[in-house]
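Inspection log for the structure reproduced underneath, given as structure tokens.
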4 protein chains.
Amino acid sequence: MSEKPNRKTQIIEVASKLFFEQGYHVTGIKQIIEAADIAKGTFYSHFKSKEELGLEWLHQTAQKWIERKLEYLSQFEGDPARKLVAMFDFQAQGAEACRYRGCAMLNTLSETPDISCPMRQAIREYKKGGLNFIQSLVNECLPEASEEDREQRAGAIYLLFEGATVATQSFCKTDPIEIAKKQVVKILAEKA
Amino acid sequence: MSEKPNRKTQIIEVASKLFFEQGYHVTGIKQIIEAADIAKGTFYSHFKSKEELGLEWLHQTAQKWIERKLEYLSQFEGDPARKLVAMFDFQAQGAEACRYRGCAMLNTLSETPDISCPMRQAIREYKKGGLNFIQSLVNECLPEASEEDREQRAGAIYLLFEGATVATQSFCKTDPIEIAKKQVVKILAEKA
Amino acid sequence: MSEKPNRKTQIIEVASKLFFEQGYHVTGIKQIIEAADIAKGTFYSHFKSKEELGLEWLHQTAQKWIERKLEYLSQFEGDPARKLVAMFDFQAQGAEACRYRGCAMLNTLSETPDISCPMRQAIREYKKGGLNFIQSLVNECLPEASEEDREQRAGAIYLLFEGATVATQSFCKTDPIEIAKKQVVKILAEKA
Amino acid sequence: MSEKPNRKTQIIEVASKLFFEQGYHVTGIKQIIEAADIAKGTFYSHFKSKEELGLEWLHQTAQKWIERKLEYLSQFEGDPARKLVAMFDFQAQGAEACRYRGCAMLNTLSETPDISCPMRQAIREYKKGGLNFIQSLVNECLPEASEEDREQRAGAIYLLFEGATVATQSFCKTDPIEIAKKQVVKILAEKA
DNA sequence: AATGAATGAGCCTTCATTCAT
DNA sequence: CATGAATGAAGGCTCATTCAT
């Protein structure tokens, strides 16, 4: 029942912005506490390490994006094919909104070479969820297709999505998303 | 045309390994000079800043990968469609070899939020070259297709490639590359 | 006469272990409260400062060791010379039990340069008591000897005891205690 | 041939003073660099860690005290018994000069519970040397005595020395040294 | 070219203590 | 009594860069 948007939440919000905009490693605790206007000790009474904050950030970011995506797609309830295409519109909006900073998850993936660290696991989990989501929509679209076929299509759509994310970030324009979107339409229209 | 594998080259080689394996920001000058067994001043007599080294690294990495790719694909000379598919085999090899550390360019893209900094430009340039390369192969494959169609196909293949890169890195397995490869075959087989 | 082994007692017990094993300065309040499983505020409701706890620790440690020593020596009731020798057996037992961590008092002496701080006074008091104890045993042993002579013997035995403590700690073996013990026998056997 | 009392030497000198007067753990790098009037980075270009400095300090302190002791005792060349007694005069001088701060080695012993850390090893080495020195003097004094007897006497003298060190520190007066000195005379006069 | 000492802001984290609840 | 958030100085250490040699 706690209503108060407590200090911890505030720290995470401040850090989220900085981590995303600047990168995880390049953002120091000092900058975070100054932006949050708290003392250093206060930070460490809420998080036992920078990594714990990073993890929290990834978890909350994941949840936030999933919610936003679902909300955006809710306007196409009952039309899974339309949803699959709409995902790319949603992506384009986000890309421009953040001025081509890309995906927090993929960016952090790049910053964490240790494949078994907690942050990597969180990223993997999130991405697996994204793939599963696409898979379920594809399954809805093509209930008659073979599982193998559906996995190929879902996989390809997922890759187009990821590709569009990084290409948009690379080129600072949303053209790749348009390409991806068109391709998704084709993929869904393919004959078995 | 300089023959002597001079100090500068050696520094770049050492730094390349560290930048790629660990990340750009996380790798310090101290670590580089220790690995290269040179003094700090020596480093700065060759590079005026860490960023200059980073830039050089990106340039050389770009060149190296382009050469390797071309060499790998040379076995399929005269068969552009085969080449397009083979690019993914080449990718799979690299992914495993570097233990899923991904693409140096995309990783560095994540670490450089400033979209107009020199390193970002180098990355953009490299990626543009990659897309162009695919485009020219697609053009060879489908000389009769419309330009618009060829751009869509090349673009999609490019996005599948990028998507496969980051998905492979995310999941630490090459399955996504297989998916991408199969999709490329389909794309090239599509009717106009 | 308080019966309940209250919170305060528990804190002191936990702190005693840590202070002794690790050292006074190196042991933080955080570690103590975590080991005691209490909140920070709880700690400060029982002790107004770390130093107060340190003082309490020294007092209780003093009392504990005095009690243990007396209990150990009680088996030789009526034989003061035997007691003086037995003190070194008692010392050897303790040295091995704490894996050559030495004497809490002397260790803390080293950590408190300010010769007039309360903790130093507590240590001084304890050590004075130790010397007095030896003196009284020596007096019992040699009632006929001059006071000067008895003081010299007691003092020497005391120094041998302290020396054996730190030498045992230095070398991580109890050999010095054996040397000291033999010397004590000689000292008690000396002719006036 | 380097004459310049370089920065490193200066840092060690400053740190030696602080480590001895205040204790090793309680003395921070910040205090050292401020006292030495250098930048933090400068410190770390000379020492790779605080522990390395601590080790250097112990080594140099050991050497310094050995030299001073030998020099002091050189006035009694040819009279080993006199030397053994003079050691305690030397000790008394030192004790007063440092205002009963005790022995840097024993103090640091108290601060380093880890019996296998480098600093502990340095302390052990130094103390072993001290004992050996006494042993050789005793051997000179009593060439006819059995080895066992000489070891007992040397050991006892060593323990009296250590005991006098810590007792003087405990009580802030040199009386214990007088006691020890008298006892040494007795020990050397004992019949086999 | 090459050296490595020097800089000082910054890194992440812990310190002992206070205080409102 | 008990809680744990808040403080900010300090902990040991690294950063990229400069510069005199």
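Worth saying up front: this structure is predicted, and the values here are computed from it rather than measured. Proteins come first, then strands; the chains are lettered A, B, ... in the order of their sequence lines, and each starts at number 1.
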Exercise. Is any side-chain N or O of C/T42 closer than 4.0 Å to OP1 or OP2 of F/dT3?
Worked result: yes
For this session: Compare side-chain N and O positions of D/R7 against OP1 and OP2 of E/dA6 and report whether any pair is under 4.0 Å apart.
Result: yes
Length of the [atom1]-[atom2] vector between [X] and [N], whole Å:
X: A/L55; N: E/dC12; atom1: CG; atom2: C1'; result: 17 Å
X: A/E52; N: E/dC12; atom1: CD; atom2: P; result: 15 Å
X: A/H46; N: F/dG4; atom1: NE2; atom2: C1'; result: 9 Å
X: C/L53; N: E/dT17; atom1: CG; atom2: C1'; result: 14 Å
X: C/E34; N: F/dT3; atom1: CD; atom2: P; result: 14 Å
X: D/K50; N: F/dT14; atom1: NZ; atom2: P; result: 15 Å
X: D/F47; N: E/dA6; atom1: CZ; atom2: P; result: 11 Å
X: C/I32; N: F/dG4; atom1: CD1; atom2: P; result: 18 Å

Exercise. B/T112 and B/D114: side-chain donor and acceptor closer than 3.5 Å?
Worked result: no
Problem set entry | Under 3.5 Å side-chain donor-acceptor pair for D/N6 and D/T9 | yes
Shortest side-chain distance from [X], nucleotide among [options]:
X: A/K30; options: E/dA1, E/dT13, E/dG10; value: E/dG10
X: D/Y44; options: E/dA2, F/dG12, E/dT13; value: F/dG12
X: A/S49; options: E/dA16, E/dT13, E/dA1; value: E/dT13

For this session: Measure distances between side-chain N and O atoms of B/K40 and base N and O atoms of F/dT17, and say whether any donor-acceptor pair falls under 3.5 Å.
Result: yes
For this session: Classify the nucleic acid contact of C/G41 as base, sugar-phosphate or nothing, counting any heavy atom under 4.0 Å across all strands shown.
Result: base
Exercise. Which is true for D/I29 with a 4.0 Å heavy-atom rule: it touches a base, it touches only sugar-phosphate, or it touches nothing?
Worked result: sugar-phosphate
For this session: Mind checking the CD-CD1 spacing from A/E34 to A/I32? Nearest 0.5 Å is all I need.
Result: 11.0 Å
Exercise. Want to settle it: does A/Q31 or B/D37 sit nearer the 5' end of DNA chain E, counting the closest nucleotide to each?
Worked result: B/D37
Problem set entry | Pairwise 5' ranking along DNA chain E for C/F43 and D/I11, keeping only the more 5' one | D/I11
For this session: Return the 5'-most residue of the pair D/T27, C/I38 with respect to DNA chain F, ranking by each residue's nearest nucleotide.
Result: C/I38
For this session: Could you say whether A/S45 or B/V26 is positioned toward the 5' end of DNA chain F, judged by the nucleotide with the nearest heavy atom to each?
Result: A/S45
Exercise. Partner of F/dT21 by Watson-Crick or G-U wobble geometry, both contacts under 3.5 Å, or none?
Worked result: E/dA2
Exercise. According to the Watson-Crick and G-U wobble definitions, with both distances under 3.5 Å, which nucleotide is paired to E/dC15?
Worked result: F/dG8
Exercise. For atom NZ of C/K64, is the number of surrounding heavy atoms from other residues, nucleotides or ligands below 6.0 Å larger than 12?
Worked result: yes
Exercise. Is the NZ or CZ atom of D/K50 both under 6.0 Å from the centre of the six-membered ring of D/Y24 and within 45° of that ring's axis?
Worked result: yes
For this session: Check whether any side-chain heavy atom of A/Q169 lies under 4.5 Å from a side-chain heavy atom of A/N107, and answer yes or no.
Result: yes
